There are 2 protein chains.
Amino acid sequence: MISQLKIDKRELLLEAATKLFVERGLHATPTSAISKEAGVSAGILFHYFKTKDDLIDELYVSIKKEYTSSILNDIDRIKSDLGKLRLIWSNSWNWAIDNNLKFKFLLQVDNTNCSERVKSHPEIIAKFEKFKNFIQEYVDKELVKNIDTYFLMGSMFALITSMVTYLTLFPKKRNDQAFIEQAWEQFYNYLKP
Amino acid sequence: MISQLKIDKRELLLEAATKLFVERGLHATPTSAISKEAGVSAGILFHYFKTKDDLIDELYVSIKKEYTSSILNDIDRIKSDLGKLRLIWSNSWNWAIDNNLKFKFLLQVDNTNCSERVKSHPEIIAKFEKFKNFIQEYVDKELVKNIDTYFLMGSMFALITSMVTYLTLFPKKRNDQAFIEQAWEQFYNYLKP
DNA sequence: TTTTTAATTGACTAATCACTCAACAAAAGT
DNA sequence: ACTTTTGTTGAGTGATTAGTCAATTAAAAA
């Protein structure tokens, strides 16, 4: 086996970190707690990650990539532009609910001033630009109101996040088709010209 | 004078704490940094606040009260229901922009699991209920879509927060009446039945 | 098998933190 | 004026933290 154990311990540490960071907050979580939760020795964390901040950075970037990728899942299976927009919408909150810890970790870092360096990671900027162009296309096609793209993206993300918070609090609603339909209607009413 | 200095130092500490908590994060800010920023000795902080957590709690509650109060400013000067809703909307983001540090502090605490005890403060629960009834009234009057009030409140607050983030990033837009009008239109399109 | 390389441990260190306390200063009360 | 209460200081304390390192084990290469 080609260092299977190595990959395992790294993953164990990242998973443990996600859980504890969300439960206790970034700075309130000692590295010793992370290694304990992962069931490994305290020192090994610094073998895989140079510093605690490096661990946070790597965790953020990997989760963000996972999230942004999931948003475009199955997008080619849909023909209509509006259908695609709806799929992006539902992909977003579905991933966030199915990966609630990871999503909460993203929110926590995004709401923190202390890690600006993470957010300016090139791969993340690239994904952001890609998504921005996507929205711009909808504006050009007059499927979405002609207003500053940054404003649109910000409010879209805000609405999706509040949807996630609500569905996490009331999980039954996730299978309530009438509710989902109404929520989508509201979302698109917000966007349409 | 009736202990004017006492009040002053308390206020100085709270202001310094707000600034540093937003800049560095709750747990990354030592109490020593707070007292230094406030220009007082390290020990005095624990004369006014039993513990650091107590300081955070008090700060949160006082800011939250200030914010929720500002939301209903001048509400009686407006006659129409829709006008009142619009005033609530604009009051919300105006306060948040004018008191950006305080607003960011609220967001930071709200996005943290470590201080559940703060959010369940009776005065805050009361304000929340009051606002909830307010929304319910609009639903009953059929000015707002008939969908779960918690869902409505969550998304309203999300939209307002994204408005604040945007206007903080692009301050000029705040005086752009056409933009504000469009933003309001979108907001109400989201809510209307 | 032997050698080399990589993974893993946990005791250790230097720094930092929340909080205390004895001493002093200023106000208020008498 | 004197006493009591309240405000204020900053050095000190014990606990906790991120990160190190010499030693041990396991895997890979020779």
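We name chains A, B, ... by the order of the sequence lines, and we start the count at 1 in each one. These numbers come from a predicted model, not from an experiment.
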N/O (side chain, A:Lys9) to phosphate O (OP1/OP2, C:dT8) under 4.0 Å: yes

Within the pair B:His47 and D:dG7, is there a side-chain N or O less than 4.0 Å away from OP1 or OP2? yes

Would you mind reading off the distance between [X] atom [atom1] and [N] atom [atom2], rounded to a whole angstrom?
X	N	atom1	atom2	answer
B:Ile56	C:dC17	CD1	C1'	14 Å
A:Arg24	D:dT16	CZ	P	13 Å
B:Leu45	D:dT9	CG	P	12 Å
A:Phe49	C:dT8	CZ	P	12 Å
A:Ile44	C:dA6	CD1	P	14 Å
B:Leu12	D:dG7	CG	C1'	14 Å
A:Lys36	D:dA18	NZ	C1'	17 Å
B:His27	D:dA15	NE2	P	21 Å

Considering residues, nucleotides and ligands other than B:Glu142, do more than 12 of their heavy atoms fall under 6.0 Å from its CD? no

A quick test of your reading: do over 12 heavy atoms of other residues, nucleotides or ligands sit less than 6.0 Å from NZ of A:Lys19? no

Which is true for B:Thr29 with a 4.0 Å heavy-atom rule: it touches a base, it touches only sugar-phosphate, or it touches nothing? sugar-phosphate

If you check every side-chain atom of [X], which of [options] has the closest atom?
X	options	result
B:Ser41	D:dG7, D:dA18, D:dT9	D:dT9
A:Thr51	D:dG19, C:dA7, C:dT20	D:dG19
B:Pro30	C:dC19, C:dC17, D:dT8	C:dC17
A:Tyr48	D:dT17, D:dT8, C:dA7	C:dA7
B:Lys52	D:dT9, C:dG10, C:dC19	C:dC19
A:Phe46	D:dT20, C:dT20, D:dG7	D:dT20

Starting from the C-alpha separation in whole Å, work towards a yes-or-no answer on side-chain hydrogen bond (donor to acceptor under 3.5 Å, both in side chains) for B:Gln136 and B:Asp140. CA-CA 6 Å; B:Gln136 192 57 53; B:Asp140 295 341; 3.3 Å; yes

Would you mind listing every salt bridge (Lys or Arg N to Asp or Glu O under 4.0 Å) that reaches into residues 153-162 of chain A, with sequence neighbours excluded? none

In terms of the angle between their ring planes, are A:Trp89 and A:Trp184 parallel, tilted or perpendicular, with boundaries placed at 30° and 60°? tilted

